[in-house]
Each structure stands twice: as structure tokens, then as C-alpha cells.
2 protein chains.
Amino acid sequence: MADIDRSLVRALPLFNKLSDAELDRLLASATMRRVGMGEAVFEQGQKADRFFLLLHGRLKVTQVTADGQQIIVRMVHPGDIFGFAKALQRDDYPGTPTASAESVVICWPTEVWGLFVEQNPHLAVNAMQTIGQRLQEAHTRIREMATEEVERRVAHAVLRLVEQAGKTEGTGIRIDFQISRQDIAEMTGTTLHTVSRILSAWEAKGLVEGGRQKLLVRDTAGLQILAEGQAD
Amino acid sequence: MADIDRSLVRALPLFNKLSDAELDRLLASATMRRVGMGEAVFEQGQKADRFFLLLHGRLKVTQVTADGQQIIVRMVHPGDIFGFAKALQRDDYPGTPTASAESVVICWPTEVWGLFVEQNPHLAVNAMQTIGQRLQEAHTRIREMATEEVERRVAHAVLRLVEQAGKTEGTGIRIDFQISRQDIAEMTGTTLHTVSRILSAWEAKGLVEGGRQKLLVRDTAGLQILAEGQAD
DNA sequence: CGCATTCGTTGCGCCAGGACAAAGACCCTC
DNA sequence: GAGGGTCTTTGTCCTGGCGCAACGAATGCG
């Protein structure tokens, strides 16, 4: 197996207080794994015995409700940790992370975390901040779902994707992984049909350019207006 | 000012790894404060220079959106910490905690937190778990808002209140603080009117008993069925 | 290259629940 | 105990967006 790219891990805020030696020790106990498109890293409900870090690629974390509906809880971007259920006193994983692009993850047995935090209080503080960040994102989403109409929610979701996974390309900004209308629907709490309609309308206005599993944003500012204002 | 009830603080999971001496030191730097009904502990947007612990009473944490709509982000129950924005690298408070009952809080300057965590790694781990708990609650709520209809969401919200603030009373379980239909609406992302209608219907079925700023649940199991199933 | 599968688009009807409105019910204050 | 403020209930209307359905387009596979 290829070596893990240390400089990439080094740069993560989560590990910014670790010495090189400590980081090496941490990496020594890590395992690397490739995850192909559409493949799941682990399954919802499975016993949580590892925690993960995404090196390359994208994952979407889904939850399935009792009555079979699916939602996307969040996207995982390179450098994000995920599957830290055990650190939050859960025994099983609450969701399923699935690759939306060819991905590479590294993982540790959960015990390693406990041992490591003992010796590195900073790590716990950083982890808390990371999780805190997630909490704030979650609250933002709750606020949006409670107060905004579908079109604005979709606009916000797309803008977020642009920020986190935007890749400048000739005529605009490409979302850098395969994303279907269904995915966007599951991120915004609506239906595939409605998303399709909204995107079609946006395409007519020249805001975006669609495509199968693709999305190219041409007018970020225009979307911003839709997301914020009452404008039309 | 009256003394802080040590046994109450002692019992909190957050502090369960601290020695009595450490706890005393922590309490020594704390300030106590009474908060009357409807009074805010701090305001959204204010500089985050303290963090808090609720000893007695109830707080509702609200956020106001740019266009003036309000939502209730969460309820704070005795023993919960709140206002820990600074620990999550925010400089201001993202919401406003307002007393829904006569309350007593204690607070520390944010610097104390940093100092204390240095010396007590366990505290950071516990704090992480506490915040992780919040994150999971937030995800649950996102899932509900995305997939469930209003009546089910209200049922879930009420059941949660029963769990966290239920007080057995002759004919059922009382929600132990002042709560208006408006509040429930802001917790579930709907309108006061819809909540009123739903509660009226439930009252007709004998599930609950209403009243001004009051709510008494008579049939928890019945609500559970509404919350879970497709039942009618 | 043809077939199957998955993904996207679009039209139409319908209804949950929001907007608006107005009238009680309760509480507090003076 | 009268009056004003807040909270609640209930009615009516209206619409955003969901469900259903059918078709079209792109991709992958044998």
C-alpha cells in the first residue's frame, strides 16, 4: 500500500498542535483504504469500531428513516474526519458514508483515539471545535428548513457546494463530484421533481448549467441574491 | 449571594472526572445569577466572553433570521451548559437564551475554560461528548423536518418536552415551564395557527389538555403512535 | 450496436398547511 | 373590576410544492 501523504495530514487544523513525532506515531497505527464510486465505507447501524479521515474524494453521509426515506446528513470533504460516533458515546454509526467520487480514507481503531487524547489534550480541544463547527452547520440547516422556502434552500445548498467543492472551469464553477438531482433533494428536504424544476428554471435564467450528475454554476452572485433576498 | 449547590454540579456528567478539589477551584471562579421570566441571559451577536451552566429553571435559545423570523434552536434544561460559543472558536453568541421559567445560572469567563482544560484533559473529552450529543439531536431534528409532516413533528417535539421537562401530575404529565403555541411552532418550523389546530384536535381525542402557556399530556403512548407510525 | 437501466424533464391535479382575519379567553395592572 | 395586552381558537381562502405519470436522454453492458 502506498504511503500516506503526511503533508496533507499535517496541514489539518485538527492536528495542528501535534509534534511531527506524535503525528508519525498516530499515522503508524492508521490504515489506508480506497473507496470506489458508490461504495460505502461502513453501514448505518454497524458497530462503531473505527474512526476515519478522508484524504481524497468526496463522501455523502446518508441516513435512512424507519419508513425508508433517505436524507443526506452532510458531505465529507478531503481533510474532514467522520465516523467518530464512538467518541460521542455511541456504539453504532448513525449514518452511511458513500463515495460520490473515487476516494481514499485512512482509519484508526477507536481505542487509539482514547489513548491519544490522554497524551494530547490539545487534540480533544481541537476535536471539540471540529464537532462544534458541525453543530453550527446543523443549526444553520435547521434554521433554513424552518424558515425558508424550497428555492432558497436549494440556492443555499448549491452555494455551499460551490464553496466546499467548487472548481473553476471555463464558463463557471463546477461542483467537483457526481451529484444528482436526487442528492440535492435529499440535502434540502424536498423531492427530485421539485429540484429538477428549480434547476431548469435557473438554467433558463442563465444561473446554472445542468447535466447528468453534473452541475456548473455560472452566476454565483445571482444565486446569492436568490438565497438571501426576497428578490425575484 | 447564596452558595452554589455543589452536589448538583457534582452530579453532572461533564464534571464527573474532576476531583472535589478541582471542582471547588472551578466553582470558586464562577458567578451566580438569577434570571427572571422572559429575561435574556445574553443577546444574539453579543461578544462571547463567558460560558454558562443552568442550575435551575428553563431557557429557550432563539435565533432571529435576517428577515426577522424567529426559531427556537433548543431548550436548555437544568445541568446543561450553554453559551460555549467561544470554545467553538466563535467570537459572538449565535443565539439568545431567554428564561421560560425563573432560572438560576452560573457562569465563568471564557479564559477559565482554556486554563482548566489544560489541566483536565477529561473535561475536554466530556465537553466533546456533550457537544456531540447536541449534534446528534440536531441531526435528528433535521431528519424530522426533512421527512415528516407537521403533526408528526409536533408530536415528536412534545414527547421530547415530556422527557426533558415532564412532571407527573394527577391526570397526566405536565410540561414544567411556560410554553406557548408560538414556542411549539418555532420548535417545529410551522405556524402558531397550525399548532393550535393540531393541539385542539388532540385535545378532542383526549391525548392532551391545553391551556394558556400550559400543556398537559394525558396519553403519551397515543402521541408516540402519532409520532412514529402512519397511524391515525 | 441494441438493450436495459438510471437519470432528468415536464404536465397536471390535489392537498397540507400557510396567510389573513376576527373573535374569544385569560391575565395583569391600575 | 374595568381596560388593555397577550395568547388562543377557529373560519376561510389560497398556493407552494408533492404525488403521480409519462416521456426523453444519457450511460453502461453484453
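What you see is a predicted model, and the numbers here were worked out from it, not measured in a lab.
Taking each heavy atom of B/I142 and A/I142 in turn, the nearest pair found is CG1-CG1, 3.5 Å. Heavy-atom minimum distance, A/T191 versus A/A185: C-CB, 3.5 Å. Considering all non-hydrogen atoms of both residues, A/P94 and A/Q63 come closest at O-CG, 3.3 Å.
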Solution key, residues 77-84 of chain A side-chain donor-acceptor pairs under 3.5 Å, sequence neighbours excluded:
{"residue": "A/H77", "atom": "ND1", "partner": "A/R58", "partner atom": "NH1", "Å": "2.4"}
{"residue": "A/H77", "atom": "NE2", "partner": "A/Q164", "partner atom": "OE1", "Å": "3.0"}
{"residue": "A/D80", "atom": "OD2", "partner": "A/H77", "partner atom": "N", "Å": "3.0"}

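Near DNA chain C, meaning a heavy atom under 4.0 Å away, the residues from residues 181-191 of chain B are B/T190, B/T191.
Looking only at distances, no side-chain donor or acceptor of B/R174 sits under 3.5 Å from a matching main-chain atom of B/D176. In terms of modelled atom types and a separation under 3.5 Å, the side chain of B/T147 and the main chain of B/R143 share a donor-acceptor contact. The backbone N or O of B/Q69 sits less than 3.5 Å from a side-chain atom of B/T65, completing a donor-acceptor pair. In this structure a side-chain-to-backbone donor-acceptor pair under 3.5 Å is present from B/S200 to B/S196.
If you walk DNA chain C from 5' to 3' and mark each nucleotide with an atom closer than 4.0 Å to a heavy atom of chain B, the marks span C/dG17 to C/dC27. For DNA chain D, the outermost nucleotides in 5' to 3' order that have an atom under 4.0 Å from a heavy atom of chain A are D/dG17 to D/dT27.
To the nearest 0.5 Å, the span separating CD on B/Q224 from NE2 on B/H156 amounts to 7.0 Å. The NE2 atom of B/H56 sits 10.0 Å away from the OG atom of B/S103 when rounded to the nearest 0.5 Å.
Within the 4.0 angstrom heavy-atom criterion, only backbone atoms of the sugar-phosphate kind lie near B/S180; the bases stay farther away.
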Taking it one step at a time, do B/V41 and B/L59 satisfy side-chain contact (heavy atoms from CB on, under 4.5 Å)?
CA-CA 9 Å; B/V41 181; B/L59 307 174; 4.1 Å; yes
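Identified under the salt bridge (Lys or Arg N to Asp or Glu O under 4.0 Å) test for residues 184-203 of chain B, with sequence neighbours left out: none.
Note on the helix from C/dC1-D/dG30 to C/dC30-D/dG1: angle between the axes of the first and last five pairs equals 40°, rounded to 10 degrees.
With DNA chain D read from its 5' end, the first of the two nearest nucleotides for A/R153 and B/I179 is the one closest to B/I179.
Between B/R141 and B/E148 there is no salt bridge, since no side-chain nitrogen of the basic residue lies less than 4.0 Å from a carboxylate oxygen of the acidic one.
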